[in-house]
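Okay, structure first, notes after.
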Amino acid sequence: MKEERQSQIPEVFLSPYDPAKHEKRIYQLWEESGFFNPDNLPGERSEPFTIVMPPPNANGSLHAGHGLVFAIEDTMMRFERMRGKKALWLPGADHAGFETQVVYEKKLQKEGRSRFQMEPKDLYNEIMDFTMSNKSIMENQIRELGASCDWSRSLFTLDDSVIKIVYDTFKKLEEDGLLYRGARTVNWCPKHQTSLSNLEVNYNEKTDPFYYFQYGPFVIGTARPETKFGDKYVVMHPDDARYEDFQHGQKIDLEWINGPIVATVIKDQAGDPEMGSGVMTITPWHSNIDFEIAKRHDLDYEQIIDWRGKLLPIAGEFDGMNIEEARQKIVDKLDKKGLLVKIDDKYDHSVPCCYKCDKEIEPQIREQWFVKMRPLADKAIEAVDSGNVKFVTNRDERVFRDWMSKIDDWNISRQVVWGIPIPAKVCSECGHGMVDLESKITKCEKCSGKVEKDPDTFDTWFSSGQWPLATTHYPDGDDFKQHYPTSVMETGKDIIFFWVSRMIMLGLYRTGRVPFKKVYLHGMVRDKHGKKMSKSKGNVIAPSEIQERFGTDALRMGLLVNTAPGSDMNLDPDKVNAYKKFANKIWNITRFVLENTSDMPEQATLTADDAENIKAKLKTTIAEITKDMEKDRFDLASEKLYHFVWSYFASELLEESKPLLQSGDASVRISRQKLLREYLITSIKLLHPFMPFVTETIWQELPDDMKDHAVLMVAQWPK
RNA sequence: GAGCGAUUAGCUCAGCUGGUAGAGCGCUACAUUGACAUUGUAGAGGUCACAAGUUCAAGUCUUGUAUCGCUCACCA
């Protein structure tokens with residue numbers, strides 16, 4: 001009897017579900033079906049559903065965080081595709097400017113080379129080769145995660161069409177008076193030899209000595225004696241009674257590090273009477289606050305520290321010395337001169353550091369391109385106010401508004417070769433910058449001086465900020481007409497400022513419309529104890545490793561179940577293993593149902609009891625799951641499905657069916673067969689967005705009369 | 001300095017609009033040629049951080065306290 005039944009089911013079900021045996025084949029089936037491309041989808045589909053994929057950096061392998069990105073986005077896509085929408089997921093790869101260059105520099109360092117000994121062109125070409133080979137590895141990993149994106153529309157952030165849009169935006173910003181080139185304080189990394197945006201700077205807690213020096217009649221305090229050579233202005237608050245005898249502009253002769261100097265008294269609101277003695281000297285070239293004061297009073301400023309972190313000739317005998325090395329020597333010298341008042345050893349402060357190398361940032365004045373953010377940010381806030389962009393969590397919306405309300409101008413130029421060149425000329429005489437898309441400008445518009453091509457490249461986020469325009473081919477592309485604004489922007493909450501906010505601002509700026517209607521931000525993926533994954537801690541889990549052990553579906557479920565939107569998730573292999581078992585459970589349910597329903601007649605009717613069961617249990621489950629998914633609660637939907645399938649379908653329904661399937665009453669038996677098939681087909685469909693591989697593998701083995709389409713990916717979502 | 005979040009079973013976390021607590025792993029006992037050992041059944045284990053308040057009713061709402069974490073800003 002048993003052998004007889006087994007002979008009627010596909011042989012594949014006789015052994016446990018083995019993901020490695022099916023996943024590749026199934027992805028190929030999808031890709032060859034053409035259904036990743038919305039133009040090929042079956043049936044009439046008018047309503048678009050579009051996601052622009054956050055293009056992964058093409059400089060390495062996918063990490064666990066990417067696993068979460070693709071699990072969430074693919075689930076969204078598959079759900080909406082099955083619901084009959086014109087589903088388009090736009091893939092891409094990011095050249096990731098500075099990020100990639102840093103990765104490549106490390107590689108060069110291992111080989112005993114340095115970018116500073118290379119021709120920029122050679123360096124660029126090497127990084128291009130490196131990126132291209134990583135890109136194809138990465139794209140295969142995206143396929144392995146089951147991503148149902150339209151590869152025929154794939155784009156790279158350095159493609160010509162992308163650069164064209166970026167250049168047009170740059171030009172338009174100039175025309176609209178939103179772009180300027182100016183000498184301003186920038187965050188300079190002495191190691192990487194580039195400026196960084198404020199977002200690329202981390203503040204590290206440090207305890208340093210704090211020095212008090214006699215500066216003429218004043219005592220000044222500083223943690224950075226090495227910057228003090230050029231200090232010839234002494235600043236105090238206008239209302240500070242202790243210094244009311246000193247007049248603004250008053251000259252004072254005093255002895256300083258390298259001999260006598262003339263200091264000038266400046267009264268400015270920035271002087272904080274509470275701080276130390278209430279008096280400070282300023283170093284405008286190496287401090288933003290000091291620079292602001294200098295600008296207010298039209299003071300001189302001079303560079304003290306060079307681009308490599310060494311002292312300049314103004315330092316006299318300290319010329320050419322590293323600042324770390326010079327500090328103590330300068331203090332010693334001032335001490336010998338009797339100018340050292342005291343040293344406070346426990347001064348806690350936070351110092352700005354490069355987010356990549358952790359080396360201290362040296363603020364420097366440098367000519368850079370800046371975008372005026374206020375007008376762009378105001379439009380973005382309006383878009384949120386009017387509900388044109390919605391954040392899935394209120395928390396994200398608050399964070400967004402807060403940052404937007406106090407945004408600074410954006411330094412978009414980088415001294416990095418790996419990126420989109422800035423199409424501009426710079427006057428070698430007056431420093432004036434001119435946007436020059438066609439390279440036609442030969443002399444300065446302002447002073448008729450000689451011009452040179454700007455050697456810098458764009459901040460990678462300036463181009464990424466226009467990614468929704470690029471991927472939909474603004475302004476004439478069909479995808480732009482049909483799919484912009486896109487439906488959801490799903491990405492990590494760590495790049496809300498870097499990327500999400502800039503896309504909203506630049507999208508609004510170019511098109512007058514938001515680039516996406518909804519923002520879903522996921523949290524970070526950590527190790528099973530909630531610790532950040534890092535190579536140094538050795539707790540990094542590669543998605544591929546988990547996929548090999550448990551299968552892709554299990555990884556996806558492990559990432560999604562009970563991970564509330566926006567909250568961090570801890571990836572525990574034991575949890576993933578639970579869903580590996582679950583995949584096998586579905587597999588065996590299918591086996592049971594097929595074994596017991598192969599003789600079901602075509603004309604099967606449900607008994608009243610079974611009809612009632614479907615109405616009360618199956619239909620309500622469909623409704624609940626659908627509702628959760630519509631609210632982007634994939635964490636709840638997946639958990640409910642797990643319990644519905646395992647605790648109810650397998651443990652209860654299947655068990656209670658066993659005697660009924662043996663019933664002498666044919667109508668009872670046949671009804672039960674029909675009910676089980678109904679449950680199976682519905683479960684497989686509901687699970688498909690979450691566990692696409694095992695469900696499609698099963699689907700392909702099911703008899704045709706159970707299916708509404710040959711490919712589950714485009715079958716109809718249950719109602 | 002400012003903002004945000006968290007605090008629920010041994011561990012890691014859910015609990016969405018308030019109705020006497022759930023999952024995975026772990027633990028204990030029992031079962032076994034059953035669709036499934038990638039198993040089944042049963043079970044132990046929680047004054048839901050603390051305090052006060054609103055309410056017929058609070059893990060869920062309000063306020064405060066403590067601890068942890070994250071983000072932003074910044075100092076001479």
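Within every chain, numbering begins at 1; the chains are lettered A, B, ... in the order of the sequence lines, protein sequences first and strands thereafter. Here the structure is a predicted model, which is why all the values come from computation and not from measurement.
Counting to the nearest Å, the P atom of B:A76 and the CZ atom of A:F210 are 7 Å from each other. Atom NE2 of A:H286 and atom C1' of B:A76 are 16 Å apart (whole Å). The separation between A:R591 atom CZ and B:A35 atom C1' is 6 Å, rounded to whole Å. Residue A:K585 contributes atom NZ, which lies 12 Å from atom P of B:U38 at whole-angstrom precision. At whole-Å resolution of the value, CZ in A:R549 and C1' in B:C25 are 13 Å apart. Rounded to an integer number of Å, the gap from CE of A:M280 to P of B:C75 is 10 Å. Between A:K206 atom NZ and B:C75 atom P there is a gap of 15 Å when expressed in whole angstrom units. In this structure, A:N288 places its CG atom 11 Å from P of B:A76, rounding to the nearest Å.
At the heavy-atom level, A:I282 lies nowhere under 4.0 Å from the strands shown. Across all strands shown, A:E655 has heavy atoms under 4.0 Å from base atoms, whether or not it also approaches the sugar-phosphate. Residue A:N588 is in base contact, counting any heavy-atom pair closer than 4.0 Å across all strands shown. Residue contacts shown for A:A637 are absent, as no nucleic acid heavy atom lies under 4.0 Å away. Counting non-hydrogen atoms under 4.0 angstrom, A:N577 reaches nothing in the nucleic acid. Heavy atoms of A:G558 sit nowhere under 4.0 angstrom from any nucleic acid atom. Nucleic acid contact class of A:I220 (heavy atoms, under 4.0 Å, all strands): none. Contact annotation for A:A583: no contact, since no heavy-atom pair falls under 4.0 Å across all strands.
If you take atom P in B:U62 and the same atom in B:G19, they sit 15 Å apart, rounded to whole Å. Distance check on atom P: B:C13 versus B:A6 gives 13 Å, rounded to whole Å. The gap from the C1' atom of B:A31 to that of B:G69 amounts to 46 Å, rounded to the nearest Å. Across the P atoms, B:G43 and B:C61 are found 32 Å apart, a figure rounded to whole Å. Only the P atoms considered, B:A9 is 14 Å distant from B:G22, to the nearest whole Å. Spacing of P atoms, B:C25 relative to B:G40, comes out at 10 Å, to the nearest Å. Only the C1' atoms considered, B:A44 is 13 Å distant from B:G26, to the nearest whole Å. Going from the P atom of B:U8 to that of B:C16 covers 16 Å, rounded to whole Å.
A search for side-chain contact (heavy atoms from CB on, under 4.5 Å) contacts involving A:D300 returns A:K232, A:Y233, not counting sequence neighbours.
Here the closest non-hydrogen pair linking A:D290 and A:T281 is OD2-O, 4.3 Å. The two atoms that bring A:F634 and A:M76 nearest to each other are CZ-CG, 3.5 Å, heavy atoms only.
Heavy-atom neighbours of A:K390 NZ from other residues, nucleotides or ligands within 6.0 Å: at or below the threshold of 12.
Stem analysis of RNA chain B (Watson-Crick or G-U pairs, both distances under 3.5 Å, runs of at least three) returns B:1-7 with B:66-72, B:10-13 with B:22-25, B:27-31 with B:39-43, B:49-53 with B:61-65.
Ring centroids of A:H286 and A:W188 are separated by 6.0 Å or more, keeping the two rings apart. Between A:W285 and A:F291, the distance separating the two ring centers is not shorter than 6.0 angstrom.
For the 3.5 Å distance criterion, the side chains of A:Q673 and A:D599 qualify, holding a donor opposite an acceptor. Donor-acceptor pairing under 3.5 Å is recorded for the side chains of A:D459 and A:W410.
Looking at A:R398 and A:D402, their side chains never come closer than 4.5 Å, going by heavy atoms from C-beta outward. Side chains of A:V576 and A:M557 form no contact here, defined as non-hydrogen atoms less than 4.5 Å apart. For the pair A:V69 and A:T491, the minimum side-chain heavy-atom distance is 4.5 Å or more.
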I'd like a table of atom pairs between the protein and nucleotides 69-73 of chain B - only N or O on both sides, under 3.5 Å - with the distance next to each one.
none

Please tabulate, one pair per line, each protein N/O and nucleotide N/O from nucleotides 6-12 of chain B that are separated by under 3.5 Å, including the distance.
| unit_1 | atom_1 | unit_2 | atom_2 | d |
| --- | --- | --- | --- | --- |
| B:U12 | O3' | A:N570 | ND2 | 2.4 |

With 3.5 Å as the limit, what N/O pairs link the protein to nucleotides 17-19 of chain B?
none

>> Go through it in stages, so that I can follow the logic: the residues are A:D268 and A:H237, the test is side chain to side chain contact (heavy atoms under 4.5 Å, CB included), and I'd like the CA-CA distance, side-chain angles, deciding distance and then a yes or no.
In response: CA-CA 5 Å; A:D268 190 279; A:H237 196 275; over 6 Å; no

>> Using the rule given for side chain to side chain donor-acceptor pair (under 3.5 Å), can you reason through A:R669 versus A:S663, listing the C-alpha separation, both sets of side-chain angles and the distance that settles it, and then say yes or no?
In response: CA-CA 6 Å; A:R669 187 167 57 86; A:S663 169; over 6 Å; no

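The aromatic rings of A:W587 and A:Y17 are tilted relative to each other, their planes meeting at an angle between 30° and 60°.
Taking the charged nitrogens against the carboxylate oxygens, A:E324 and A:R327 have no contact shorter than 4.0 Å, which rules out a salt bridge. Between A:D553 and A:R556, no side-chain nitrogen of the basic residue sits less than 4.0 Å from a carboxylate oxygen of the acidic one, so the salt-bridge criterion is not met.
Neither OP1 nor OP2 of B:C75 sits under 4.0 Å from any side-chain N or O of A:R224. Applying the 4.0 Å criterion to OP1 and OP2 of B:A14, one finds that A:S567 has a side-chain N or O inside that range. Between B:C13 and A:K575, no contact under 4.0 Å exists linking OP1 or OP2 to a side-chain N or O.
None of A:T597, A:N613, A:D610 except one satisfies the side-chain hydrogen bond (donor to acceptor under 3.5 Å, both in side chains) rule with A:R672; the exception is A:D610. Under the ring pair (Phe, Tyr, Trp, His ring centres under 6.0 Å) test applied with A:F582, the options A:F649, A:F644, A:F690, A:Y642 reduce to a single match, A:Y642.
Of the residues in residues 638-648 of chain A, A:E639, A:Y642, A:H643, A:W646 come within less than 4.0 Å of RNA chain B through at least one heavy atom, sorted by number.
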